[in-house]
Amino acid sequence: MIAPGRPGEQAQTLSPAEAATAVPSPTANAADVKYVQDMIVHHQQALDMVLLAPSRAESTQLKGLADRIKAVQGPEIQYMTTWLREQEQKVPDHHAAHDGMPGMATPQQMEALKAATGKEFDRQFLQLMINHHLGAIKMSGQVLTSGSHVKIEELATEVSVEQTAEIRRMQEMQATP
């Protein structure tokens, strides 16, 4: 039996006996729990940012991107909240501390974004959201190497793929005058 490796690892050939024990663990470890708790806070800030776009952005393309981010990350927050409750773990509140969390905008950056309109909003939004997505990808990579729960591995992989694609779109938007 061929078993795919983790991201960046080679596939392995397993005997039937090895294959029976190679199934990913349904048990969560501390890395899984911390990732989910942090990612809820991370996604909440992204939602705070995208909710500003309809009334402040100039670009209809940016408004569409903001709608897509909202449509993906809102349900992901619900999924993660449910997962934490199933694990009997604490669900962070909306504005939980995020010191040192990769990609998070500072309170000053969020205030500047709230104050901006038109092209200036679009410029700040793209810069902040690209950095925000890069942070989420970094966090996802960390749990993929240290987590143990298969559902969180799947979630982290999806987050990485979605946000990598969105970064490409945002970089294209930045390049368009």
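The basis for the numbers below is simple: all heavy atoms, side chains too, and nothing from hydrogens, waters or symmetry mates.
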Under the criterion side chain to side chain contact (heavy atoms under 4.5 Å, CB included), I'd like the reasoning laid out for Q127 against N131: C-alpha separation, chi angles, the key distance, then a yes or no. CA-CA 6 Å; Q127 180 181 352; N131 191 44; over 6 Å; no
Show your working on side chain to side chain contact (heavy atoms under 4.5 Å, CB included) between N29 and H149 and close with a plain yes or no. CA-CA 7 Å; N29 67 15; H149 197 284; over 6 Å; no
Decide yes or no on side chain to side chain contact (heavy atoms under 4.5 Å, CB included) for W83 and V33, but give the supporting numbers first. CA-CA 9 Å; W83 184 86; V33 172; 4.2 Å; yes
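With contacts defined as side-chain heavy-atom distances shorter than 4.5 Å, the pair Q45/V41 does not qualify. By the 4.5 Å heavy-atom criterion applied to side chains, L128 and H132 are not counted as neighbours. Side-chain contact between L52 and F125 is absent, with no heavy-atom pair separated by less than 4.5 Å. Contact check for F121 versus E58: no side-chain heavy atoms found under the 4.5 Å cut-off. When side chains are defined from C-beta on, P102 does not count as touching L134, because their heavy atoms never get closer than 4.5 Å. In this structure, the side chains of M129 and E166 stay at 4.5 Å or more apart for every pair of heavy atoms. K90 has its side chain out of reach of L84: every pair of non-hydrogen atoms, C-beta onward, lies at least 4.5 Å apart.
To the nearest 0.5 angstrom, L113 atom CG is 10.0 Å from R123 atom CZ. Atom OG1 of T60 sits about 11.5 Å away from atom CG of L65, to the nearest 0.5 Å. Going from atom CD1 of I167 over to atom CG of L126 covers 11.5 Å, rounded to the nearest 0.5 Å. We find the NE2-CD1 distance between H133 and I130 to be 9.0 Å, quoted to the nearest 0.5 Å. Taken to the nearest 0.5 Å, the CE atom of M173 stands 4.0 Å off from the CG atom of L62. Rounded to the nearest 0.5 Å, atoms CE (M104) and CE (M110) are 8.5 Å apart.
Considering every non-hydrogen atom in both Q124 and A116, the closest pair reads NE2-CB, 3.7 Å. Closest approach of A136 to Q163, counting heavy atoms only: CB-OE1, 3.0 Å. Smallest separation of non-hydrogen atoms from Y35 and S140: OH-OG, 2.8 Å. When all heavy atoms are compared, the tightest approach of K63 to A57 is CE-O, 3.1 Å. A53 and A66 make their closest contact through CB-CB, 3.6 Å (heavy atoms, listed as atom of the first residue, atom of the second, distance). Among all heavy-atom pairs drawn from D122 and S59, the shortest one is OD2-N, 3.0 Å.
Partners of A165 by side-chain contact (heavy atoms from CB on, under 4.5 Å), not counting sequence neighbours, listed by chain and number: R168, R169.
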N/O donor to acceptor pairs below 3.5 angstrom from side-chain atoms of residues 69-82, sequence neighbours left out:
unit_1 : atom_1 : unit_2 : atom_2 : d
Q73    : OE1    : H43    : ND1    : 3.3
E76    : OE1    : H43    : NE2    : 2.6
T81    : OG1    : I77    : O      : 2.8
T82    : OG1    : Q78    : O      : 3.0

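In this structure, K114 pairs ionically with E111, as a charged nitrogen and a carboxylate oxygen lie closer than 4.0 Å.
Put simply, the side chain of D32 gets close to the backbone of S148: a donor and an acceptor are under 3.5 Å apart.
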